[in-house]
Every structure is written in structure tokens, then in C-alpha cells.
Amino acid sequence: LQAFPPRPECNRNKTERTPMTDELTELDMELGSGIAAFESRHFARAAGLLSPLADAGNPDAQYRVAIMAQNGLGMHENHELAFEYMAAAAEAGMDLAQHGLGFMYMEGECTDKDAEKAVFWFTKAAEQGLVGSQTTLAMMYEEGRGVEKNLDEANKWYRLAGFDER
């Protein structure tokens, strides 16, 4: 019986881990646990798990901590922190945070009301396919809020959001 040399991919110890892999796995587990606590409305636990990750720059954690800080969920209401984290997650490209930041500017929550900045952030999220942002942007173009009134542009965003033209 002739033995075949093992294939190179079979030579690797599949349980071998590097310190970097262990660290990422641990962070992923903390993030997953924090998100699960957030989604199940255990906000104090979510705040405890997600706050260090938000401080470290994780956009998913920043977005959720921003919501908790804005609404006093599991922590004291802190509009400055809510705005800081929502803006950081939005700048990192997270569509939900871009929508949230647009909403903050549109309504003047946690920051000064600024319809032009609201349009900017709703556009960023809408371009990523977020239907809520597409719809809000369509209404803003329809009403001329933060932008010059433009029914063609409004109809474009309504169509992209899955609605019939107005």
C-alpha cells in the first residue's frame, strides 16, 4: 500500500489560533452579545457591553449606544454622546446611522435643526438603498425642505423606495 503525501490544506491544524484571531472572535462575541441585549430590550446590559466597543470605534456599537443615549435607554439621557456616536457611525458609512443623523438634523434632536445637513445624510443612506431614507428624501424634495422643491427628484426617490409617483 502506497501512502499519498497529504494535501497542503490538510497539514494545517484547524484548531490553531493566532492571538489576532482570538481577539477578533472575542470582540465579535461581545458585539453579538451587546446587539442581542439591545434587540431584546435589555438596555442596561447592552450599554455595558457596547459602550467599550463604541469607544473603540465600532460603528455597529456606536449606532446602538447613540440610540440608547438619545432616549435614556439603559443609561442616562446624553444628547451630546448620542450625536457624537451617531455622527461617527454615519461617517463610517453605516446606512442606519446616516438615516439617524439625518433625522437628528431634520428634527433638531441632539443638535441644531439643519434641513440641508439632513438632506445630505438622508441622501447618503438613500444611495445605499435604505427605503426609509429614500422616502424621507422624496418628501423633502416634494416639500422643498432643505433643498429646492423638485418634483422630478421627489418622484425619482419615491420610485426607488417602491412607491408610485405622486
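Along the sequence shown, residues carry numbers from 1.
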Q: State the CG-CG distance between L31 and N58, to the nearest 0.5 angstrom.
A: 5.0 Å

Q. After noting the C-alpha distance and the side-chain angles of E142 and Y158, does the key distance pass the side chain to side chain donor-acceptor pair (under 3.5 Å) rule?
A. CA-CA 10 Å; E142 186 176 31; Y158 279 127; 2.6 Å; yes

Q.
Could you check whether any side-chain N or O of N71 sits under 3.5 Å from a backbone N or O of I67, counting only pairs where one atom can act as donor and the other as acceptor?
A. yes

Q) With distance as the sole test, does S40 use its side chain to make a donor-acceptor pair with the main-chain N or O of A37 at under 3.5 Å? A) yes

Q. Hey, what do you get for OH (Y63) to CG (D95), rounding to the nearest 0.5 Å?
A. 8.5 Å

Q.
Looking at every non-hydrogen atom in both residues, tell me the closest pair between A97 and A90 and how far apart they are.
A. CB-N, 3.5 Å

Q | Hphob cluster co-occupancy, M94 + M68, side-chain heavy atoms under 4.5 angstrom | A | yes

Q: Treat each ILVMFWY residue as a node, draw an edge where side-chain heavy atoms are under 4.5 Å apart, and state whether L130 and W121 are in one component.
A: yes

Q.
Counting only heavy atoms not in E116 (residues, nucleotides, ligands), do more than 12 fall under 6.0 Å from its CD?
A. no

Q. Do the side chains of M104 and M86 get nearer than 4.5 Å, heavy atoms only?
A. yes

Q) Can any side-chain N or O of Q70 pair as donor or acceptor with the backbone N or O of A82 at less than 3.5 Å? A) no

Q: Any chance you could measure C110, atom SG, to E80, atom CD, to the nearest 0.5 Å?
A: 10.5 Å

Q | Shortest non-hydrogen contact from L53 toward A61 | A | CB-CB, 3.7 Å

Q: Using modelled atom types only, decide if a donor and an acceptor are shared between the side chain of R145 and the backbone of Y141 within a distance under 3.5 Å.
A: no

Q: Grab the two heavy atoms, one from A54 and one from V65, that are nearest each other, plus how far apart they are.
A: CB-CG2, 4.0 Å

**Q.** L96 reachable from L160 in the ILVMFWY side-chain graph, under 4.5 Å edges
**A.** no

Q) So how far is it from E109 CD to L101 CG, rounded to the nearest 0.5 Å? A) 12.0 Å

Q: Can you measure from OG1 (T111) to NE2 (H79) and round to the nearest 0.5 angstrom?
A: 11.5 Å

**Q.** Distance-minimising heavy-atom pair for N150 and E153
**A.** OD1-N, 2.9 Å

Q.
Main chain of W157, side chain of Q134: is a donor-acceptor contact present, judged purely on distance under 3.5 Å?
A. no

Q. Distance-only, no hydrogens or angles: does the E30 side chain make a donor-acceptor pair with backbone N or O of P52 under 3.5 Å?
A. no

Q: Start with the C-alpha distance between M106 and V119, add both sets of side-chain angles, then the distance that settles side chain to side chain contact (heavy atoms under 4.5 Å, CB included), and finish with yes or no.
A: CA-CA 8 Å; M106 184 174 76; V119 168; over 6 Å; no

Q.
Nearest 0.5 angstrom please: H42 NE2 to S33 OG, how far?
A. 13.0 Å

Q) Taking only residues two or more places apart in sequence or in another chain, which ones pass ring pair (Phe, Tyr, Trp, His ring centres under 6.0 Å) with Y85? A) none

Q | Where L81 and A69 come nearest, the two heavy atoms and their spacing | A | CD2-CB, 4.2 Å

Q.
Are V131 and F122 linked, directly or through intermediate hydrophobic residues, by side-chain heavy-atom contacts shorter than 4.5 Å (ILVMFWY only)?
A. no

(Q) Quick check: do K124 and H99 have side-chain heavy atoms less than 4.5 Å from each other? (A) no

Q: Start with the C-alpha distance between Q62 and L50, add both sets of side-chain angles, then the distance that settles side chain to side chain contact (heavy atoms under 4.5 Å, CB included), and finish with yes or no.
A: CA-CA 8 Å; Q62 289 171 329; L50 294 174; over 6 Å; no

Q: Specify the closest pair of heavy atoms between A115 and G146, including all atoms of both residues, with the distance to one decimal.
A: CB-CA, 3.4 Å

(Q) When you group the ILVMFWY residues by side-chain heavy-atom contacts below 4.5 Å and let the links chain together, are M75 and F38 in the same group? (A) yes

Q. With a 6.0 Å cut-off on ring centres, are Y105 and F83 close enough?
A. yes

